[in-house]
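Written below as structure tokens is the structure these notes are about.
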There are 2 protein chains.
Amino acid sequence: MSWSQLHEVYWYDNPEKTIDCAVCNAPSSGRHYGVFTCEGCKCFFNRTVRYKLSYTCESSGNCRIDRQNRTQCQHCRFEKCVKVGMRRDAIRRGRPTKYSYLSRSSKSFTSQYDLITLLTQLERSARASITAAPKLPDPGVQSMP
Amino acid sequence: MSWSQLHEVYWYDNPEKTIDCAVCNAPSSGRHYGVFTCEGCKCFFNRTVRYKLSYTCESSGNCRIDRQNRTQCQHCRFEKCVKVGMRRDAIRRGRPTKYSYLSRSSKSFTSQYDLITLLTQLERSARASITAAPKLPDPGVQSMP
DNA sequence: CTTGGTCAGGGGTCAG
DNA sequence: CTGACCCCTGACCAA
Ligand SMILES: [Zn+2]
Ligand SMILES: [Zn+2]
Ligand SMILES: [Zn+2]
Ligand SMILES: [Zn+2]
């Protein structure tokens with residue numbers, strides 16, 4: 001069993017730990033450079049820092065970054081990466097215990113951001129479960145993304 | 001080396017293995033919008049959808065589309081693009097998932113999914129056993145009469 | 001339970 | 001308008 005498969009199993013067994021990307025709100029694939037982000041924002045941040053790329057905003061520098069338009073303005077995307085706390089030298093943490101991101105020190109801006117992100121997601125889930133019929137998981141396709 | 005360059009090299013070395021464009025039969029440059037097509041048909045389809053262009057056939061709507069005359073009738077060219085299955089899915093850039101080539105309507109979707117998963121694991125195991133195997137002299141040769 | 005590399009494929013460019 | 005060429009993106013993998 002590969003690491004990525006193990007990762008999938010881990011996330012499936014711990015759905016409550018799934019957090020959306022702090023930059024673009026797509027489902028995150030874990031913590032990258034200190035922040036929960038998707039694969040895209042992880043790679044984008046890595047490329048930008050590694051090759052020392054610099055971008056210019058065609059608009060007023062206030063572009064909203066979400067899953068659909070995250071590739072439209074590189075300047076504002078990278079600005080948001082930095083704003084939410086992504087750092088190349090982020091200290092690698094050990095295996096987090098359950099809910100560790102809730103009990104971590106609230107002095108950390110990053111953990112506050114994680115908390116807000118989680119609460120936002122919970123609210124969205126709650127609202128969705130009210131307006132839509134609950135969907136039972138299909139055992140046959142439970143490992144599908 | 002870019003993908004198209006690599007493909008050209010591959011095509012040069014393996015001319016009989018090239019997959020042709022499903023629309024015009026020119027050598028394809030890979031899979032585009034779900035179908036193996038050439039660069040021309042890829043760009044034509046993209047432009048048509050993006051700018052919502054519509055065309056009219058000067059003939060009876062049955063023009064044959066091949067490499068030589070593909071630019072002669074835009075209406076029939078686009079019609080063939082759609083017919084062979086080209087479509088712009090949800091806007092998603094980056095590498096497609098290995099499961100993205102499954103046909104959504106197929107009743108064997110789940111078994112196809114399992115097959116891809118199995119093949120992936122087999123490939124990984126095979127690769128691991130090759131790179132990890134110690135290079136020993138073949139003992140079978142010596143014991144043979 | 002992350003990091004860095006890989007590369008298929010989306011999409012822009014610009015002579016022709 | 002066309003399409004050869006090239007950059008950018010992000011899913012997957014090895015480690
Ligand atoms: Zn993201
Ligand atoms: Zn911007
Ligand atoms: Zn073609
Ligand atoms: Zn026609």
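Convention: sequence-line order gives letters A, B, ...; per-chain numbering from 1.
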Could you check how far [atom1] of [X] sits from [atom2] of [N], rounded to whole Å?
X: A:L53; N: D:dC8; atom1: CG; atom2: C1'; answer: 10 Å
X: B:R95; N: D:dG10; atom1: CZ; atom2: C1'; answer: 10 Å
X: A:N69; N: D:dG10; atom1: CG; atom2: C1'; answer: 16 Å
X: A:F78; N: D:dC8; atom1: CZ; atom2: P; answer: 15 Å
X: B:H75; N: D:dC1; atom1: NE2; atom2: P; answer: 17 Å
X: A:Q68; N: D:dT9; atom1: CD; atom2: P; answer: 16 Å
X: B:F45; N: C:dG9; atom1: CZ; atom2: P; answer: 15 Å
X: B:Q74; N: D:dT2; atom1: CD; atom2: C1'; answer: 10 Å

* Kindly assign one of parallel, tilted or perpendicular to the pair B:F78 and B:Y55, based on the angle between their ring planes and the thresholds 30° and 60°. => perpendicular
* Does B:R77 have a side-chain nitrogen or oxygen under 4.0 Å from the phosphate oxygens OP1 or OP2 of D:dG3? -> yes
Side chain of [X]: nearest nucleotide among [options]?
X: B:F44; options: C:dC7, D:dT9, D:dT2; value: D:dT2
X: B:H32; options: D:dG10, C:dG9, D:dA4; value: C:dG9
X: B:R31; options: C:dG9, D:dG10, C:dG11; value: C:dG9

* Are any of the side-chain heavy atoms of B:R31 and B:F36 separated by less than 4.5 Å? -> yes
* Closest heavy-atom pair and its distance - B:R70, B:A26 -> NH1-CB, 3.8 Å
* To do: Quick one: closest heavy-atom pair of A:H32 and A:M86, and the distance?
  => O-CE, 4.0 Å
* Asked: Same cluster or not: are B:V35 and B:I19 linked, directly or through other Ile, Leu, Val, Met, Phe, Trp or Tyr residues, by side-chain heavy atoms under 4.5 angstrom apart?
  -> no
* Distance in Å, A:K42 NZ paired with A:R47 CZ, rounded so as to fall on 0.5 Å steps -> 10.5 Å
* Asked: How many angstroms lie between atom CD of B:Q72 and atom OG of B:S59, to the nearest 0.5 angstrom?
  -> 12.0 Å
Review item, nucleotides 12-16 of chain C N/O atoms under 3.5 Å of protein N/O:
residue, atom, partner, partner atom, Å
C:dG12, OP1, B:R50, NH1, 3.3
C:dG12, OP2, B:R50, NH2, 3.0

* Residue mapping more 5' on DNA chain D - nearest nucleotide basis, B:T71 or A:Y55 -> B:T71
